[in-house]
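For the single chain, residues carry numbers from 1 onward in sequence order.
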Amino acid sequence: MGRAFSDSDLNSPAERRAAWRALMVGDHGALRLFYDNTHTVDPGRLWRTYQPSPDHLKRWRDRHQIRTVINLRGETPAGHHVLEREACARLNLTLVNFKAYSREAPTPAIIHGARALFSSITYPAIMHCKSGADRAGMMAVLYCFFEMGMPLDKAMDHLSWRYGHIRQGKTGVIDHAFDLYLRHAREKGIALDDHDAFLHWVDHDYDPAAIKAAFLSTWWGRFLTDRVLNRE
């Protein structure tokens with residue numbers, strides 16, 4: 001992680017430039033100028049994307065009347081975050097910090113927290129991680145399942161190469177966790193859109209730490225996600 005920034009640093013032109021360098025160089029924001037990984041989750045209501053710059057936030061507010069920004073990277077003293085926080089305040093956008101992980105099976109707290117979050121925020125909204133591939137994909141799966149009533153196997157289309165998600169890398173532990181429930185539900189004859197059955201499994205039969213320990217990624221998947229794409 002690079003140097004720490006605070007909101008007060010943005011009062012200094014030199015420190016503001018440093019925060020922008022951290023966003024555009026250290027956080028690979030310059031690459032996002034050429035690769036737009038923004039996608040619709042629920043038309044007119046929710047989008048998934050990468051780490052936004054202040055300019056991106058303004059464009060999305062103006063084009064889609066965005067009212068809420070969900071930051072899946074959590075609250076950090078990084079250049080990208082202080083710039084995002086300042087921009088949201090200036091643009092009258094509600095910024096929600098919800099920490100998720102790309103190399104962990106989602107915990108029960110994250111799954112229940114996501115459901116509560118989606119039922120409480122003001123829409124239209126965007127949610128983002130760093131690249132818009134893994135954590136945004138996991139949360140899109142949960143949104144489609146809980147909010148749109150989509151069967152879990154269909155909702156998992158949001159975890160795919162199309163969005164830059166590589167299930168053969170360590171990030172594939174997210175897919176593996178959902179796959180285990182799909183196997184369980186099919187064996188028991190449970191409908192794949194049954195929220196109560198899913199949450200009962202999460203609360204009683206689900207062990208994220210054991211799932212992570214048992215998951216085997218491939219060497220080339222790890223090379224792509226960790227070395228080439230430098231996923232967070």
**More than 12 heavy atoms of other groups within 6.0 Å of Lys154 NZ** = no
**Inter-residue atom distance Asp175.CG - Leu180.CG, 0.5 Å rounding** = 11.0 Å
**hydrophobic_cluster_shared for Leu93 and Val96, side chain cutoff 4.5 Å** = no
**Request:** Measure up the Phe145 and Phe198 rings against each other and bin them: parallel (under 30°), tilted (30 to 60°), perpendicular (over 60°).
**Result:** perpendicular
**Request:** Tell me, with the steps shown, if Met138 and His158 meet side-chain contact (heavy atoms from CB on, under 4.5 Å).
**Result:** CA-CA 7 Å; Met138 177 196 69; His158 273 282; over 6 Å; no
**Arg73 vs Arg135 side-chain heavy atoms within contact, under 4.5 Å** = yes
**Asked** Are side-chain heavy atoms of Leu10 and Phe5 found at a separation under 4.5 Å?
**Response** no
**Request:** Give a yes or no on whether Asn11 atom CG has more than 12 heavy-atom contacts from other residues, nucleotides or ligands under 6.0 Å away.
**Result:** yes
**Asked** Is the closest side-chain heavy-atom distance between Ile111 and Phe146 below 4.5 Å?
**Response** yes
**Asked** Quick check: does any side chain N or O of Thr218 sit under 3.5 Å from a backbone N or O of Gln168, one acting as donor and the other as acceptor?
**Response** yes
**Message:** Please determine whether residues Leu33 and Trp20 belong to a single hydrophobic cluster, defined as Ile, Leu, Val, Met, Phe, Trp and Tyr linked transitively by side-chain heavy-atom distances below 4.5 Å.
**Reply:** yes
**Item:** Inter-residue atom distance Leu72.CG - Ser102.OG, 0.5 Å rounding
**Value:** 11.0 Å
**Prompt:** Do NZ/NE/NH1/NH2 and the carboxylate oxygens of Asp194 and Lys188 come within less than 4.0 Å?
**Reply:** no
**Co-membership, hydrophobic cluster, residues Tyr35 and Met24, 4.5 Å side-chain** = no
**Request:** Work out which heavy atom in Pro54 is nearest to a heavy atom in Arg90; give both atom names and the distance.
**Result:** CB-NH2, 4.1 Å
**Prompt:** Side chains of Ser217 and Arg167: closer than 4.5 Å at any heavy-atom pair?
**Reply:** no
**Message:** Salt bridge check, Arg21 against Asp27: does any charged N sit closer than 4.0 Å to a carboxylate O?
**Reply:** no
**Message:** Quick check: closest heavy atoms across Thr107 and Pro208, and the distance to 0.1 Å?
**Reply:** CA-CG, 4.1 Å
**Residue pair Gly169 / Phe215: nearest heavy atoms and the distance that separates them** = O-CE2, 3.4 Å
**Message:** What I want to find out is whether Arg115 reaches Glu147 closely enough, with some N-O distance under 4.0 Å, to be called a salt bridge.
**Reply:** no
**Asked** Name the one of Glu84, Arg32, His81 that satisfies side-chain contact (heavy atoms from CB on, under 4.5 Å) with Leu23?
**Response** Arg32
**Request:** List the steps and the verdict of side-chain contact (heavy atoms from CB on, under 4.5 Å) for Val41 and Met127.
**Result:** CA-CA 10 Å; Val41 177; Met127 59 183 177; 4.3 Å; yes
**Asked** Regarding Arg183 and the six-membered ring of Tyr181, is the cationic atom NZ or CZ under 6.0 Å from the ring centre and inside 45° of its axis?
**Response** no
**Request:** For the residue pair Arg48 and Ile126, establish whether any side-chain heavy-atom pair is separated by less than 4.5 Å.
**Result:** no
**Prompt:** Hey, is the main chain of Thr68 close enough, under 3.5 Å, to the side chain of Thr94 for a donor-acceptor pair?
**Reply:** no
**Fill in**
side-chain contact (heavy atoms from CB on, under 4.5 Å) test vs Leu152 passes for just one of Leu182, Asp179, Leu142, Asp193, namely Leu182
**Message:** Looking at Thr49, is its backbone amide N or carbonyl O close enough to the side chain of Asn37 to form a donor-acceptor pair, meaning the two atoms are under 3.5 Å apart?
**Reply:** no
**Request:** Could you tell me the separation between the NE2 atom of His64 and the CZ atom of Arg59, rounded to the nearest 0.5 Å?
**Result:** 10.5 Å
**Item:** Residues Asp62 and Lys58 bridged, charged N to O under 4.0 Å
**Value:** yes
**Prompt:** Centres of the His56 and Tyr50 rings: under 6.0 Å?
**Reply:** yes
**Item:** Met156 versus Val141, closest heavy-atom pair with distance
**Value:** CA-CG2, 3.8 Å
**Message:** According to a hydrophobic-cluster definition based on side-chain heavy atoms being under 4.5 Å apart (Ile, Leu, Val, Met, Phe, Trp, Tyr only), do Leu117 and Val69 belong together?
**Reply:** no
**Item:** Reported CD1-to-CZ distance for the pair Ile66 and Arg45, which is rounded to 0.5 angstrom
**Value:** 11.5 Å
**Request:** Measure the SG-CG distance between Cys129 and Asn71 for me, rounded to the nearest 0.5 Å.
**Result:** 9.5 Å
**same_hphob_cluster(Val82, Phe98) at 4.5 Å side-chain heavy-atom cutoff** = no
**Ring centre gap for Trp161 and His165 strictly below 6.0 Å** = no
**Prompt:** Between CG of Asp134 and CE of Met139, what distance do you get to the nearest 0.5 Å?
**Reply:** 13.5 Å
**Prompt:** Does some side-chain heavy atom of Leu159 sit less than 4.5 Å from a side-chain heavy atom of Ile174?
**Reply:** yes
**Fill in**
For Tyr206 and Ala177 the tightest heavy-atom approach is OH-CB, 3.7 Å
**Request:** Could you walk me through whether Ile110 and Lys99 pass side-chain contact (heavy atoms from CB on, under 4.5 Å), step by step?
**Result:** CA-CA 8 Å; Ile110 286 176; Lys99 181 71 172 177; over 6 Å; no
**Item:** Polar contact flag, side-chain donor to acceptor under 3.5 angstrom, Asp55-Ser53
**Value:** no
**Item:** Heavy atoms of other groups near His200 NE2, more than 12 under 6.0 Å
**Value:** no
**Message:** Less than 4.0 angstrom from a charged side-chain N to a carboxylate O is my criterion; do Arg17 and Asp9 meet it?
**Reply:** no
**Request:** Please tell me if the side chains of Asp42 and Trp47 come closer than 4.5 Å, counting only heavy atoms from C-beta onward.
**Result:** no
**Message:** With a 4.5 Å cut-off on side-chain heavy atoms, are Arg85 and Asp7 touching?
**Reply:** yes
**Asked** Can you check salt bridge (Lys or Arg N to Asp or Glu O under 4.0 Å) on Arg16 and Glu86, steps first, answer last?
**Response** CA-CA 11 Å; Arg16 179 176 292 273; Glu86 179 195 53; 2.7 Å; yes
**Message:** Please evaluate residues Arg186 and Asp153 with respect to the criterion side-chain contact (heavy atoms from CB on, under 4.5 Å), reporting the C-alpha separation (whole Å), side-chain torsions for both, the decisive distance (0.1 Å), and the verdict.
**Reply:** CA-CA 11 Å; Arg186 287 165 177 151; Asp153 58 344; 3.3 Å; yes
**Prompt:** Would you call the rings of His39 and Tyr163 parallel, tilted or perpendicular, where under 30° means parallel and over 60° means perpendicular?
**Reply:** perpendicular
**Prompt:** So, Ser160 side chain and Arg162 main chain: donor-acceptor pair closer than 3.5 Å or not?
**Reply:** yes
